[in-house]
Amino acid sequence: MTTPFPETKTGLRLGFAVAVALALFAGSPARADTDKVLAKVNGVEIKESDVALAEEELAPSLQQMDPAARKQNVLGFLIDLQIVAKAAEDKKVDSSDDFKKRLAFTRKRLMMDSLLAAEGKAATTEEAMKKVYEEASKQITGEVEVHARHILVETEDEAKAVVEELKKGADFAELAKKKSKDPGSSDGGDLGFFTKEQMVPEFSAVAFTLEPGKISDPVKSQFGWHVIKVEEKRNRKAPPMEQVKGQIETYVTRKAQADYVGKLREAAKVERMDKPADSAAKPEAAKEPAKPSDSKMAPPAKK
C-alpha cells in the first residue's frame, strides 16, 4: 500500500521531497549508534533521525494522529519517497531545467531558513526577553479594563423589552441565556475583562462610562442591539512573565530575523526592473512583528 505524500509545513511538496531524496541518495551522515535503522530500501538505510526530520516538516498533515501512527505514516512516506525518487533518478528527471531550478530554489530556501533560525535563536537571550517584557508591562500597567455582561438582540424594540424585564428584577445572566443571540450567551452573557480597544467603539463608549452594577439603555453596534451590565472595573496588570514567555520569545525571534534581513538588504545592490529607478533603489523595510503589548498579552474578548 502506498502512502500519499503529505503537505509540508511550508507547502512545498517537491522542495522537501528533493531535499530528503538527496539525503537518502547520499547516505545518512555518521551518527551515534543510537540512531536506529528503521528500514532499508534497495540497501539504502532510513533511520530514526530521517523520520524525525520528515515528521517536523510534515507536521500540518500529522496533527490528528497519535505518536505511533504518526511515526508509521512518516516511515511509510519515506519508503515511498525513496522508491519513487530512485525511479525518477533512473529516468533522468533531475537533468531537466525545471528540476534544476526547483532544486536551486529549495537549496536557497533551506539555507535561508537555517541562517534565520540561528539568528533568531542567538537573539532570544533571557536578558532580551526580560527587556521586552518590562517595556510591554509599562504600557499595560494602569490601563483600565472592565468586566461586563451583555444581552445581544436583533432590534431596538427587543432591547427595550429586555431593559424593562431587568428593571422588574429579572436576573441578567438568566435572561442572557434565554434572549441573547451571542454565541457566548450560555455563560450568561459574560464577556470577562476587556480594554476599550478590544470592543467595537459603540460598545466601549457605554461600557467604560457605566458604574459597576448599572445597566445600560439599548446600544446599537454592527452586531445588533446590546444591553450592557458592568460587573467590575480595575486597573489592568501585566501577566507573569512565565505566562507569556512563549509569545515574547516569538516576538524577539521574529524581530531579530527581520532586523537581520533588513541589514542585508541595505548592504545589497537590488535592481527592480518592474519599478521606476527611484523606488527600486529603496527596498521595502522588513516588517516588524507586533509587540506582545499590542494584543498578545491581552485576554481575548468575547463578542
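For the single chain, residues carry numbers from 1 onward in sequence order.
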Pick from K233, K196, R234: which one makes a salt bridge (charged side-chain N to carboxylate O under 4.0 Å, His left out) with E145?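 With E145 as partner, K233, K196, R234 yield a single salt bridge (charged side-chain N to carboxylate O under 4.0 Å, His left out), made by R234.
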Show the numbers, then the answer: is there a side-chain contact (heavy atoms from CB on, under 4.5 Å) between H226 and S216? CA-CA 9 Å; H226 308 261; S216 75; over 6 Å; no
If you count heavy atoms of other groups shown closer than 6.0 angstrom to [atom1] of [X], is the number above 12?
X: D90; atom1: CG; result: yes
X: D97; atom1: CG; result: no
X: K160; atom1: NZ; result: no

Would you call E48 and L38 a side-chain contact if the rule is heavy atoms closer than 4.5 Å?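 They are in side-chain contact.
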Compare all side-chain heavy atoms of V37 with those of I46 and state whether any distance is below 4.5 angstrom.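 Contact flag for V37/I46 side chains = no.
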Using 4.0 Å as the upper bound for N to carboxylate O, is an ion pair formed by [Y] and [X]?
X: E174; Y: K177; value: yes
X: R102; Y: D98; value: yes
X: R149; Y: E231; value: yes

Measuring from S95:OG to E89:CD, what's the distance to the nearest 0.5 Å?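 Between atom OG of S95 and atom CD of E89 there are 11.0 Å.
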Is there a continuous path of hydrophobic side-chain contacts, each under 4.5 Å between heavy atoms, that joins V227 to V206?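 No; V206 is not reachable from V227 via cluster members.
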State plainly whether one hydrophobic cluster holds both V74 and I79, where clusters connect Ile, Leu, Val, Met, Phe, Trp and Tyr through side-chain heavy atoms under 4.5 angstrom apart.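 Yes.
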Would you name the heavy atoms of P239 and Y133 that are closest together and state the gap between them?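 Answer, listing the atom of P239 first, then Y133: O-OH, 2.6 Å.
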Counting only N and O atoms by type, is there a donor-acceptor contact under 3.5 Å from the side chain of S185 to the main-chain atoms of K181?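 The answer is no, because no donor-acceptor pair under 3.5 Å joins these two groups.
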Short question: side chain of S204, backbone of P201 - any donor-acceptor pair under 3.5 Å?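 Here the side-chain-to-backbone pair does not exist.
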